[in-house]
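One structure is given here, and the rest of the page talks about it.
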Amino acid sequence: MIDYKKELNPEQYQAVTTIQGPVLIIAGAGSGKTRVITYRISYMLDSHIPQKNILALTFTNKAAKEMWERVRQLTGKKLTNLTVSTFHSFGAQILREKIHHLGYRPNFSIYDTQDQTELIKQCAKETNLHPELLNIGLIKNIISGIKTDRIQWTEENEVYQQVFLEYQAHLKAYHAVDFDDLIVLPNKLFSEQPNILEEYRNRYKYIMIDEFQDTSILQYNFIKQLAEKNRNICVVGDDDQSIYSWRGANYQNIMLFEKDFPERVEIKLEQNYRSVQTILEAANHLISHNTNRKDKKLWTGKEDNNKIQLIFVDDEKKEAEFIAEHIRTIVLKERAAYHQIGVLVRTNNLMATLENTLLQNNVPYKLSGGKSFFERKEVKDIIAYLRAILNPDDDISILRIINTPKRGIGRQTIQHIGDIATEQGISIYSAISSIRYAEDSPVSNTIKKTLDEFMAIIEDYNYRLNNTGSIAETIRELIDDINYFEYLLGEYRDNDNIARYKYQNIMLFTDLIERWEKDPDNLNPNLWSYLTKISLSSREDNTEESEKGKVNLMTIHAAKGLEFDHVFLAGVEDGIIPHQRAIEDDPSNIEEERRLFYVAITRAKQKLYLTTCKKRKIMREEKEQTPSPFLEEMPQHLITSEEPSQEMTEEEVDKLFADLKKRFSE
DNA sequence: AATTGGTGGATTTTT
DNA sequence: TCCACCAATT
């Protein structure tokens, strides 16, 4: 039995043991937030609350996974009925069970950003949108804003109204949903169908929300509906770490919660267990420049004399070299473990140089963020096949694969098929099927035959994936049947290695499916669940052994919730952080950029390094850079700055390392 | 009619 | 650096 009183501080103890009624926990950075949630779940189980009545929602898959794992270790129980998931996968789960009430099939496809972009382009074309107005990013924001009630139609954006309607209609016709729908549709079900809401209220009587400051209004409404009756809801958040407002996060939800659940118990966790005094003091000082925040005083018992290091270098190349070499030094000198080192950046494009340099210096690293394995073109092709096989009305997937590998179905043919589909209001797949029998069809007999073969593949594998043995094995046969490897060789005929590499990725993909399929803990090994799982985990979250022993290279956003002994923050320059674009959008975004900087520096447990370049290549151009203004918002006595260290030759570096090694062995 | 190769343009953060 | 669009070629 766990001695809760002994293992937790008084505030944490109160947070863990107050399981009836609404609770608001304001948890500063590093104050043991995850610990509180996991102990709280454990405490509930000890109080004989059934697993199936507990719902814990997080923001990222990584967090969900980690929480699950920690509860499992803490309790030693088999967690078969506990629900720990992200908002989006919880939404997907509800839709899987109930989406037929909205007229979709349960085999619906989930569109990621790429698919969404394709669809928007298609809709823009169909509505004859003026090419000058075609700004996909903007349209995406408007569509998302309207769907989630964040914005209204105005004179300015109403030109996109037609595209929006078209977009929505297409999704429905394709039996497809986008990321927003994963919250919008369950929310709609809850508000329109009281019996469904009642069913979920009875199931999930105890609800916990992690990273509450990152929830959107819509997500808030969703959980409010669910929790309103039983009122056992615990939200945990930190307004200082709200960094997703661009995606609809609304930290005012904390105030809404206070209003909607006035009987709440409020608990503040202010003791920081993560960082040393220096880092915490700098962070506190920095964040105090923000207005309109809940007052907090984070404190720690960890004294130290290490200052934050600020390093000036010439350009991004030198910056990367400094980081790579310094990592090698601290690994040798301070016996730091690679996986306890984090290299953080504001934007993905800063990662390329760092990556190359780490590679050259033999520093093992692991990326999170950036392109996911499942977003690689070759893998995405196969996924599109699988989606189309499960849901042939999914036009986006059909269009992606209809001529991949090349079968001789070109632009013209596709145009014809598309016209028929639009005229008759049917999907591309149905249109193909009707072309085959049409007397005056606009396509030649040769092409008809090709189309026949294409349909045969879809139908054949639809049957096989639903009825026969191993999913992974069937997919391998599919890849073989469509001659994908030959296609790759043709596409990259000037470089066999690329083709081989891509093919290996696909083989890896099928291996992943096989492992998932054979996992004894997997209660639901059907292909649809797998496709859903990977659509929702856009990032690679390796919890494999390979994760150990590697430096973590990631964006600040991706680093939220993580901690490292040593943190390098690269590109601490004006225009990068705060990001120029963010400020241009709205000068008040400076506060969010500051929170981002705050999140970055509070990832460090012991030592923090900030690097600033004098010049940097941005979009092919050399630009003179100036240090980030945030540097001046931290007490100067906590920071020591260095001019670039003299360049060392390869031999000198080797000699230094040899010396260090010698010192150790003495 | 399909494919290939060239040129120009663009890059915040993510479920 | 990578991707999308356009014109010439088979």
Side-chain angles (χ1 to χ4, degrees), chain A residues 57-64 85-92 110-114 116-118 121 131 134-137 140-141 144 148 177-184 211 214-216 218-219 242-249 344-353 355-356 368-372 374-375 377 403 405-416 442-444 446-447 450 490-491 493-494 532-539 541 554-560 571 575-585 589 592-593 595-597 599-600 617-621:
Chain A
L57 292 180
T58 65
F59 227 59
T60 62
N61 295 291
K62 208 179 217 158
S85 79
T86 63
F87 270 96
H88 289 86
S89 45
F90 183 58
I110 298 173
Y111 280 2
D112 62 21
T113 330
Q114 278 180 43
Q116 203 186 9
T117 306
E118 284 305 308
K121 277 187 200 159
L134 189 64
N135 175 341
I136 302 284
K140 234 183 255 181
N141 283 339
S144 173
T148 58
V177 303
D178 62 17
F179 281 134
D180 286 327
D181 284 331
L182 292 174
I183 315 295
V184 173
E211 306 283 12
D214 286 333
T215 50
S216 65
L218 197 72
Q219 286 167 328
S242 168
I243 55 177
Y244 283 98
S245 72
W246 50 274
R247 196 174 81 179
L344 310 187
V345 292
R346 169 71 236 261
T347 60
N348 279 307
N349 57 25
L350 300 181
M351 291 212 273
T353 318
E355 221 188 316
N356 288 333
S368 25
K371 255 186 244 103
S372 139
F374 301 109
E375 280 168 5
K377 188 185 168 305
N403 205 28
K406 303 237 164 16
R407 327 186 140 76
I409 302 177
R411 217 182 55 225
Q412 280 300 319
T413 314
I414 291 173
Q415 182 70 47
H416 286 313
V443 303
S444 71
T446 341
I447 290 182
T450 316
E491 286 290 287
R493 70 178 65 108
D494 40 339
T532 303
K533 184 176 121 87
I534 60 180
S535 324
L536 297 180
S537 72
S538 65
R539 292 220 248 91
D541 15 34
M554 57 178 73
T555 64
I556 300 171
H557 283 88
K560 183 136 95 102
I576 293 183
I577 184 161
H579 198 276
Q580 190 179 359
R581 188 101 166 225
I583 305 298
E584 277 168 8
D585 273 4
N589 282 337
E592 176 142 325
E593 295 292 309
R595 289 194 290 270
L596 209 42
F597 198 83
V599 167
K617 210 156 86 191
I618 298 172
M619 286 202 236
R620 285 220 212 102
E621 268 181 293

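Protein chains get the first letters and strands the later ones, always in sequence-line order, with residue 1 at the start of each.
- As a whole-Å value, the separation of A/Lys617 NZ from C/dC2 P is 13 Å.
- At the phosphate of B/dT3, OP1 or OP2 sits under 4.0 Å from a side-chain N or O atom of A/Asn403.
- For the pair A/Thr86 and A/Asn61, the tightest heavy-atom approach, listed with the atom from each and the gap, is CG2-N, 3.5 Å.
- At whole-Å resolution of the value, CD1 in A/Ile447 and C1' in B/dA2 are 9 Å apart.
- Contact of A/Arg581 with B/dT12 (side chain to base): no donor-acceptor pair of N or O atoms is detected under 3.5 Å.
- DNA chain B is contacted by both A/Arg407 and A/Leu596; A/Arg407 maps to the nucleotide lying nearer its 5′ end (nearest heavy atom per residue).
- When the nucleotides B/dT15, B/dA2, C/dC5 are ranked by their closest atom to the side chain of A/Lys121, C/dC5 comes out on top.
- Distance, A/Gln114 CD to B/dT15 P: 14 Å, rounded to whole Å.
- If you take NE2 of A/His557 and P of B/dT13, they are 9 Å apart, rounded to a whole angstrom.
- Put simply, CD1 on A/Ile110 and CD on A/Gln116 are 13.0 Å apart, with the number rounded to the nearest 0.5 Å.
- Proximity note for A/Thr413 (side chain, C-beta onward) versus B/dT15, B/dA2, B/dT12: the nearest is B/dA2.
- Contact annotation for A/Asp585: base contact, defined as any heavy-atom pair under 4.0 Å involving a base atom.
- Between the CD1 atom of A/Ile110 and the C1' atom of B/dT14 there is a distance of 16 Å, rounded to whole Å.
- At the heavy-atom level, A/Asp112 lies nowhere under 4.0 Å from the strands shown.
- In the set C/dC5, B/dT15, B/dT13, the nucleotide with an atom closest to the side chain of A/Thr60 is B/dT15.
- Rounding to the nearest 0.5 Å places OG1 of A/Thr113 at 12.5 Å from CD1 of A/Ile136.
- Rounded to whole Å, the distance from CD on A/Glu592 to C1' on B/dT14 is 13 Å.
- For the pair A/Asn348 and B/dT14, the criterion of a side-chain N or O lying under 4.0 Å from OP1 or OP2 is met.
- Counting non-hydrogen atoms of other residues, nucleotides and ligands closer than 6.0 Å to NZ of A/Lys377 gives a total above 12.
- Once rounded to the nearest 0.5 Å, the distance linking CD1 of A/Ile243 with NZ of A/Lys560 reads 5.0 Å.
- B/dT12 atom P lies 11 Å from atom CH2 of A/Trp246, rounded to whole Å.
- Comparing B/dT4, B/dT15, C/dC5 by their nearest atom to the side chain of A/Lys406 picks out B/dT4.
- Between the side chain of A/Arg247 and the base of B/dT13, no donor-acceptor pair of N or O atoms lies under 3.5 Å.
- Here B/dT13 presents its P atom at 7 Å from CG of A/Asn349, a figure rounded to the nearest Å.
- Counting atom types as modelled, A/His88 pairs a side-chain N or O with a base atom of B/dT15 as donor and acceptor under 3.5 Å.
- A/Phe87 comes within 4.0 angstrom of nothing in the nucleic acid, heavy atoms only.
- For the residue pair A/Thr148 and A/Asp180, no side-chain donor N or O sits within less than 3.5 Å of a side-chain acceptor on the partner.
- Among the protein residues, A/Ser89 comes within range of no part of the nucleic acid, since none of its heavy atoms lies under 4.0 Å from any strand.
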